[in-house]
Amino acid sequence: MKKKVLYFMPDNPMSGKAGNTTRLNYMLSYFNENKALDVTFVSLRDWGMWKKEEEILFHEKFPNIQLHLLDKKYKKSFFKYLFLYKIPYLFKINSIDTTSYILRKEFSEIIKKSAFDVVLISYATWGRLVNEVSAGTCKIIDTHDFITAQSRHKRTVGKLFQDEISILKQYDNIWTYSVEEEYIFDQFTNKKVTLMPVSFPENFIEKKQEFKYDIIYVASDNPHNINGIQWFLKEVLPLLNNVKIHIIGKIGKAIAEDYPNVVKYGMVDDLQEFYSHARVAICPMMSGTGVKIKVLEALSYGLPVVTNRRGVDGLINKKNNGCLVSQDPVEFSESIHQLMNDDVFYEKVKKQAICYFKENHNSKIEKEILDSIFL
């Protein structure tokens with residue numbers, strides 16, 4: 001008999017190539033290929049901005065997964081929307097909770113109808129969806145990030161942390177991608193914490209590469225990426241002389257000014273084209289928490305990465321991992337210049353990237369962990 005799994009993530013796997021959707025597609029691919037599992041994927045139509053054609057694409061890409069999209073009911077009724085969504089949100093008990101009474105009710109009805117063996121919820125902010133789950137169901141929270149650290153500029157950090165931990169304690173297994181967060185969750189929840197390796201296929205090129213792109217930067221337009229690229233353009237770019245920067249993804253929309261030697265592509269269909277033919281990847285990151293998917297993606301190609309301290313958050317090894325780290329603009333630019341001009345140094349860093357990735361982020365390691373949980 002197949003094990004029944006309910007997987008919730010509010011995002012739309014058919015839109016964009018940000019780190020969260022990359023991760024979502026990996027998990028959906030794992031579930032789709034595993035014939036021993038009966039999987040239902042629940043997402044939010046308004047949050048993920050689902051289009052009808054994307055629903056069709058989902059069924060084509062993941063034919064073995066049932067798709068269930070939840071809508072905001074009563075949106076056309078002002079008073080029902082006000083009293084069932086808006087007012088309760090103002091008086092919510094948990095400061096990081098983004099669920100509503102209606103959403104929790106509908107979610108519990110889905111669970112009760114199918115008697116799921118495992119419920120996997122993404123993000124602590126949606127963690128209260130399992131409030132009505134029966135005791136016999138295995139509850140897993142895929143944290144993705146440490147919410148308290150994301151909001152550390154607020155004065156109520158103690159309250160945020162307490163609320164986040166209280167949500168995590170509802171679960172039988174807490175997933176994290178960061179060694180720092182693994183330590184925190186393990187210390188304060190007294191629950192099973194699983195460090196997920198975040199794997200990608202190995203895309204290493206052994207033969208001599210043709211470098212069509214000096215530097216690439218792949219990113220979404222979240223606030224941390226915007227702050228990072230603004231720092232880079234202001235502080236580092238003037239020090240790079242004729243090095244050309246190729247910027248891919250929604251982050252390009254956040255760059256209003258045109259810069260010499262900066263090429264913006266927006267969303268592209270084939271990231272492999274850029275990763276396979278780039279000499280260096282950058283990840284200017286002055287804030288944010290958790291492992292950076294774009295860093296791991298670059299390392300999966302054996303591509304050296306120049307980044308700031310926040311760019312190596314979550315990585316098991318902080319040194320000799322294919323990343324050159326600096327907070328100083330001059331050192332950041334010098335690292336790029338050395339990788340561009342010193343072939344011996346370049347090959348050394350590239351080998352470090354390949355070695356680190358093979359040891360810590362290959363698909364076999366993660367598949368073994370997932371199989372031990374779901375099979």
Side-chain angles (χ1 to χ4, degrees), residues 18-19 145-154 157 176-184 198 214-249 251-252 254-255 257 259 261-262 278-299 303-342 345-346 348-350 352-353 356-357 360-361:
D145 216 335
F146 184 25
I147 305 302
T148 300
Q150 289 282 10
S151 309
R152 66 186 183 277
H153 61 284
K154 297 181 180 179
V157 168
T176 179
Y177 310 125
S178 161
V179 290
E180 292 89 354
E181 290 164 17
E182 178 193 26
Y183 173 80
I184 293 170
V198 188
D214 294 338
I215 300 172
I216 64 168
Y217 176 52
V218 181
S220 64
D221 56 351
N222 72 48
H224 302 295
N225 291 336
I226 292 172
N227 289 337
I229 195 62
Q230 287 175 345
W231 172 83
F232 176 85
L233 294 172
K234 180 182 178 182
E235 304 290 344
V236 182
L237 184 63
L239 306 174
L240 292 180
N241 301 325
N242 294 321
V243 176
K244 189 166 285 189
I245 320 296
H246 301 265
I247 296 178
I248 303 105
I251 188 65
I255 305 172
E257 187 179 343
Y259 293 84
N261 297 325
V262 173
R279 187 173 181 99
V280 177
I282 60 169
C283 179
M285 184 68 64
M286 312 303 291
S287 60
T289 61
V291 69
K292 308 303 180 289
I293 298 295
K294 53 184 165 281
V295 170
L296 296 180
E297 199 164 27
L299 296 178
L303 191 59
V305 179
V306 183
T307 185
N308 309 104
R309 281 200 302 267
R310 295 284 74 82
V312 294
D313 280 348
L315 299 190
I316 294 171
N317 296 340
K318 305 300 181 186
K319 295 183 178 180
N320 301 321
N321 56 14
C323 299
L324 302 180
V325 180
S326 177
Q327 299 294 99
D328 179 71
V330 174
E331 288 182 1
F332 200 101
S333 66
E334 288 174 348
S335 294
I336 292 173
H337 279 303
Q338 190 170 8
L339 288 169
M340 295 293 299
N341 301 309
D342 187 337
F345 179 72
Y346 181 87
K348 174 187 172 183
V349 179
K350 178 180 177 178
Q352 289 173 348
Y356 170 79
F357 187 86
N360 299 289
H361 299 283

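Remember, predicted model here, so these are calculated numbers, not experimental data.
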Gap between atom [atom2] of [Y] and atom [atom1] of [X] - 0.5 Å precision:
X	Y	atom1	atom2	result
Leu233	Tyr259	CG	OH	4.5 Å
His246	Ile248	NE2	CD1	8.0 Å
Phe232	Leu239	CZ	CG	9.5 Å
Glu297	Phe357	CD	CZ	9.5 Å
Asn308	Ser287	CG	OG	10.0 Å
Asn225	Gln230	CG	CD	11.0 Å

Within the 4.5 Å heavy-atom criterion, are [X] and [Y] side-chain neighbours or not?
X	Y	answer
Glu180	Phe146	no
Val305	Val312	no
Val157	Thr148	yes
Leu315	Leu296	yes
Leu237	Ile245	yes
Tyr217	Ile229	yes
Val243	Ile215	yes
Tyr346	Pro304	yes

Indicate every side-chain donor-acceptor pair of residues 321-335 with a distance under 3.5 Å to a residue at least two apart or in another chain.
unit_1 : atom_1 : unit_2 : atom_2 : d
Asn321 : OD1    : Cys323 : N      : 2.9
Asn321 : ND2    : Asn317 : O      : 2.7
Ser326 : OG     : Asp328 : N      : 3.1
Ser326 : OG     : Asp328 : O      : 3.3
Ser326 : OG     : Glu331 : OE1    : 2.9
Gln327 : OE1    : Arg309 : N      : 2.8
Asp328 : OD2    : Val330 : N      : 3.1
Asp328 : OD2    : Glu331 : N      : 3.0
Ser333 : OG     : Pro329 : O      : 3.4
Ser333 : OG     : Val330 : O      : 2.7
Ser335 : OG     : Glu331 : O      : 3.1

Between Asp214 and Lys244 (side chain of the first, backbone of the second, donor and acceptor by atom type, cut-off under 3.5 Å), is there such a pair?
yes
Whether the side chain of Glu181 engages the backbone of Thr176 through a donor-acceptor N/O pair (distance < 3.5 Å, no angle test) should be reported.
no
